[in-house]
Each structure stands twice: as structure tokens, then as C-alpha cells.
Amino acid sequence: MCGIIGIVGTTEVASALYDGLTVLQHRGQDAAGIATVDGARLRLHKGNGLVRDVFTQGAMSRLRGRIGIGHCRYPTAGSEGADEAQPFYVNSPYGIAFAHNGNLVNTESLRREMFEDDRRHINTDSDSEVLLNVLAHELQIQERMTLTPDHMFKAVAGVHARARGGYACIALVQGYGLLAFRDPNGIRPLVLGERVSGEGREYAVASESVAFDVLGFKRLRDVAPGEAVLITEDGQLHTRLCAQGAVHAPCIFEYVYLARPDSMIEDVSVYKARLRMGEKLAEKILRECPDHGIDAVIPIPDTARTAASALAEALGVPFREGFVKNRYVGRTFIMPGQGDRVKSVRRKLNAIDLEFRKKTVLLVDDSIVRGTTSRQIIQMARDAGAKQVFFASAAPPVRYPNVYGIDMPAASELVAAGHTDKEVEAQLGADWLIYQDLQDLIWAVQDGNDGLTHFDTSCFSGEYVTGLEQSYLRQIEMLRSDEAKASRRLA
């Protein structure tokens, strides 16, 4: 899960890229970078930290040019150090800056091919650098002197033929323009927008449409699965489908947690999808426990607020804000280690005792992953005087690792892996635990767009749309454990 944005404008774009990245900051708080093309020079600045911390006034003043890309990073396993901050750059052929959201499942075999067959050296552990070099090689084998949109699209087709996984990518190709493309299954999101100004027509691509809202771009459409978009230096838009036959399966966890509620993904309002999640969850509660005795529905800020409000309305129960969030603490889900996550929950939330005292409360969260946060929040509700604490998840049990760009922990660290709902309920210390059913979650998203027939639900179902080798799951189990991450940070 990272945020990417690219703009081909009629004037300087660095400040617009900065503003777009701040709106996409929820997709990654670990590192950020911007690359622009200034005549024959590519200018690049990146570093670890939040967008506001990475880009000083001096750094911004050097990012000249009317074409550029930006990236904010959420560190997936193996891409956690300063060297892996994006965009990446290679100088052959043409000079290419590259930013990527997602994860490949055949990184190691591609890395070997790059070295043994293509004679390219990969300098980091990041699969993004591997993807960049695959693209560079595919461009290099095209006609060097007369590179056309057709050659660009043939290169992207070559990437699709070699890479497996979920990926949305943007690249600056010096002397040609901005190239963007999306994996054949459309797992990771990518949207296309335009803005008409006095100077002419401008185009942008981004992970979420919300980036367009702040910049005054009109959302045109989602980039189709397997499609490539080329915006040339003179502002001409070219598109082509470069891979066909794959099942369109966008990541359903985008709607549960990752995306902002004010975004549109696959022509579905994330906000409305979350309202429907709450409505379906209320129906399940009324089926399983019609005499629930709930006095108040309280969301876990912030992602669960929308679903919780719809759930409360459907139950006819008061919706209350029982927790105040410290907005200067990052998203707990993307904290690098278990110790940081445990410490951050109490720093992040504070209970309003009056909303809990002598009440049966239903706490609503978007999902339960490790269970660390949920367990502490339930205890906070009890400490605040709650009579009973029920807990509802707007998503089904997370029992399997996600391998397409969401760095969920090792399967052994998922609280629901190998456990029944009742066992998880006991581990969390809840009086009652209720999960969303997978089919209800699918309906909640699908109802916004009848054309969506499949989703990537792998973290709930264990079904991986690209297929996986069993050895790969063992590999990420070793990479993603908190112990392994701690060892890498100390190395």
C-alpha cells in the first residue's frame, strides 16, 4: 500500500505533486519522493518521513519542470530502509524515474533473470526496482532511434508478460513523457484525471481520485486492468490495453480500510460502500441476537466511523463518539513493529468515560488483523466503566497474508488464523464478537457497480487470483514476522 501520483501540466508541477501526496499520505507514512523533468535534466528528491518533513522549501525550489511523479511509501517486507524510498531512477535507456504501488509474487525469479539474461544489476531488496528494470529492458529492446507510443505499449506488454502480482506504476521517460500502467487483474487502484486551464489541457494519474479533488482535476475514469496510459511531453494522451484475458479482481481491502472515504474506486464510492457494510452488519446482528441490549454504537476512529453510523441507524441505537483520537499519531496498522503498535494505541486514543459508564456498548472497527489494537481498546472501554463490551468488525476474519502490496503480518501473527470466532472473542476479551460475512462484504462493494464480478479477497479467503507457489508463502512468513523486521532494523 503506497500512494502514487503523476502530472503532465502546462506550468510547474512540484507544488501540485506535494499537495497530492499530502492527500495520499494515509497510504504511506514511511517515506516520500518527487521526480520532475526539467528540460534535459531529471530532478529527484526523496527521503524517509512524512511528506511535510521530506520536502523543505529548498528541496521544492529545485524540483523544476511541468512533468513529474510523486510517491509516499508504506513499507512492505524487504522494502523498509532509506535506500528503498521512491521514485527509483535508471539512466539507461533514456533515463527513467519510476514509482510503484503493490507487490510482485515472482520477484526473486525476475531478479535472477535481470542479472543472468538482461545483464541488469538490482541494488536494493525492493520489487519496485525490479519492475523498473524490467520496464527499462523492455524499452531497450524497442527501436532506439524512433521510440513511439506503439513501442511504449509493447514495452508495457512485455512487463505484463513477465511480472506477476498487484501493481500500479508511473514512470517518467525523459524526452517522451509520463507512462502509467496497471496490473492485468486490476488489483491495485489507478485513476486518470484531467484539468483544463487557460494554458491548455493537463492530465494526472493517481492511486485515488481524492488527489484530484484537491488539485482541481476532473476524474475521467479508472485505468483499466492491463491498460497503459502515455501522456507525451506535448500533452497528448494515448491509451492501449496491453494485457487481456485476466480476471478483473480489485482489492476489496481498499474499500474496508486503505482508501479514503471520499475516493471513488472502480466507479464505487468508498463512503457508500462502507455505509452498506454497516447496514449488512446490522442485519447479521439482528438475525443472531435480536435482543442485543446495546445502549450505544461507538466507532474506532477513523476508518470505521462510516460503517458504524449506518449500523447504529439500522439498529435504532444511538451513535456515540466514545474515543478521541490524537491526530499526530500515525495509523497503527502500518507501525513497523509490535512494540511500536502496542505503545501507540494508548497514545492514539483516549476514552470519554461518560459514553461507557454502566452501558452495553458495541465497538465497531473496520477489521481485526493482529488483534493488538482491538484487545487494548476493549480494555479501555472496560476501564471507562462499560457494563458489557461487544465488538464488531466490518470485515470478515483476516486469516491469510495479503501478498499484493498490503504488509499484513505473518500468518502466525494474525489473531484469527487457525481460530474460531469464539476463540478470537476470548483472546480479545470481548463479551461478544461479530464479524461481517464475506458475501455481505462483497455485496456492499459490488452494489455500487454491477460490472464488478470478482474481487481479491485473499486475506479473508486464502484464494490468490494470480496463483502462488507454496514456497512464496513460506518466504513472506519469514520476512513479515515482527522478529524478522526487528532484526533488519538492527542490522
Side-chain angles (χ1 to χ4, degrees), residues 1-6 24 27 74 76 99-106 127-128 131 134-135 153 155-171 179-193 204-212 219-230 239-260 263-270 273 402-406 441-461 463-468:
M1 183 181 83
C2 297
I4 59 175
I5 184 170
L24 296 173
R27 299 188 67 86
Y74 151 72
T76 50
H100 160 228
N101 171 36
N103 188 61
L104 299 183
V105 298
N106 63 334
D127 62 335
S128 302
L131 257 178
V134 173
L135 174 64
F153 294 141
V156 173
V159 174
H160 290 325
R162 299 178 71 176
R164 284 199 298 125
Y167 50 91
C169 307
I170 50 177
L179 179 67
F181 55 94
R182 192 176 177 205
D183 68 82
N185 297 108
I187 297 172
R188 298 265 65 88
L190 192 65
V191 290
L192 173 67
V205 288
S207 296
E208 293 183 36
S209 62
V210 69
F212 297 159
R219 174 184 171 272
L220 293 177
R221 61 180 177 84
D222 293 87
V223 175
E227 184 182 23
V229 173
L230 171 65
T239 66
R240 183 180 297 177
L241 196 61
C242 299
Q244 299 184 45
V247 174
H248 182 194
C251 174
I252 206 163
F253 208 71
E254 290 279 352
Y255 298 90
V256 172
Y257 174 82
L258 301 183
R260 273 181 44 151
S263 284
M264 293 282 294
I265 298 177
E266 304 287 357
D267 292 322
V268 176
S269 162
V270 176
N402 181 288
V403 300
Y404 300 124
I406 308 172
L441 174 61
I442 292 172
W443 175 87
V445 180
Q446 201 172 42
D447 193 57
N449 180 355
D450 293 338
L452 292 175
T453 58
H454 295 82
F455 294 93
D456 168 47
T457 61
S458 54
C459 58
F460 308 123
S461 64
E463 298 172 2
Y464 297 94
V465 66
T466 63
L468 284 185

*Measure across Gly166 and Arg188 and return the closest heavy-atom pair with its distance rounded to 0.1 Å.*
C-CG, 3.9 Å
_Minimum-distance pair of heavy atoms, taken over all atoms of Pro184 and Ala246_ = O-CB, 3.5 Å
*What is the minimum heavy-atom distance between Val403 and Tyr464, and which atoms define it?*
CG2-CD2, 3.7 Å
*Are side-chain heavy atoms of Ile265 and Val191 found at a separation under 4.5 Å?*
no
*Has the side chain of Ser461 got a donor or acceptor atom that lies under 3.5 Å from a matching backbone atom of Thr457?*
yes
*Which value, rounded to the nearest 0.5 Å, describes the distance between Leu179 atom CG and Leu135 atom CG?*
6.0 Å
*Hey, what do you get for CD (Glu254) to CZ (Arg260), rounding to the nearest 0.5 Å?*
13.5 Å
*Could you check if a side-chain atom of Phe455 sits within less than 4.5 angstrom of a side-chain atom of Pro250, using non-hydrogen atoms only?*
yes
_Is any side-chain heavy atom of Thr239 closer than 4.5 Å to one of Arg221?_
yes
*Using modelled atom types only, decide if a donor and an acceptor are shared between the side chain of Glu266 and the backbone of Asn449 within a distance under 3.5 Å.*
no
_Pair Tyr167, Ser128 - check side-chain hydrogen bond (donor to acceptor under 3.5 Å, both in side chains), show working._
CA-CA 9 Å; Tyr167 50 91; Ser128 302; over 6 Å; no
_Side-chain donor or acceptor of Asp127 paired with backbone N/O of Leu104 under 3.5 Å_ = yes
*Evaluate the criterion side chain to side chain contact (heavy atoms under 4.5 Å, CB included) for residue pair Leu441 and Ile252; output intermediate values, then yes/no.*
CA-CA 8 Å; Leu441 174 61; Ile252 206 163; 3.8 Å; yes
*Are the side chains of Ser458 and Tyr404 in touch, meaning some heavy atoms are under 4.5 Å apart?*
yes
*Roughly how far apart are Thr453 OG1 and His248 NE2, rounded to 0.5 Å?*
8.5 Å
*Would you say the side chain of Val159 lies within less than 4.5 Å of the side chain of Leu131, judging by non-hydrogen atoms?*
yes
_Which atom of Arg219 lies closest to which atom of Asp267, heavy atoms considered_ = NH2-OD1, 2.7 Å
*So does His454 have more than 12 non-hydrogen atoms from other groups sitting under 6.0 Å from NE2?*
no
*So, for Leu452 and Gln446, which heavy atoms are closest and what is the spacing to 0.1 Å?*
O-NE2, 2.6 Å
*Nearest 0.5 Å, what's the CG-CG distance between Asp447 and Asp450?*
7.0 Å
*asked:* Tell me every residue that passes side-chain hydrogen bond (donor to acceptor under 3.5 Å, both in side chains) with Asn101, counting only those two or more places apart in sequence or in another chain.
replied: none
*Show your reasoning for whether side chain to side chain contact (heavy atoms under 4.5 Å, CB included) applies to Arg27 and Glu208.*
CA-CA 10 Å; Arg27 299 188 67 86; Glu208 293 183 36; 2.8 Å; yes
*Evaluate the ring planes of Phe460 and Phe253, with Trp represented by its six-membered ring, and classify them as parallel (under 30°), tilted (30 to 60°) or perpendicular (over 60°).*
tilted
*Hey, does Asn185 have a side-chain heavy atom less than 4.5 Å from the side chain of Asp456?*
no
*Take Asn103 and Ile406 through the test side chain to side chain contact (heavy atoms under 4.5 Å, CB included) and record every step on the way to the result.*
CA-CA 8 Å; Asn103 188 61; Ile406 308 172; over 6 Å; no
_Return the CG to CZ distance between Leu230 and Phe153, rounded to the nearest 0.5 Å._
5.0 Å
_Point-to-point distance, once rounded to the nearest 0.5 Å, from SG of Cys2 to CG of Leu258_ = 10.5 Å
*Start with the C-alpha gap between Cys169 and Val156, add the side-chain angles, then the distance that decides, and say whether side chain to side chain contact (heavy atoms under 4.5 Å, CB included) holds.*
CA-CA 10 Å; Cys169 307; Val156 173; over 6 Å; no
*So, for Val268 and Gly448, which heavy atoms are closest and what is the spacing to 0.1 Å?*
CG2-C, 3.8 Å
*Do Cys242 and Glu227 have side chains that get closer than 4.5 Å, going by heavy atoms?*
no
*Taking only residues two or more places apart in sequence, or in another chain, which ones meet Ser209 in a side-chain hydrogen bond (donor to acceptor under 3.5 Å, both in side chains)?*
none
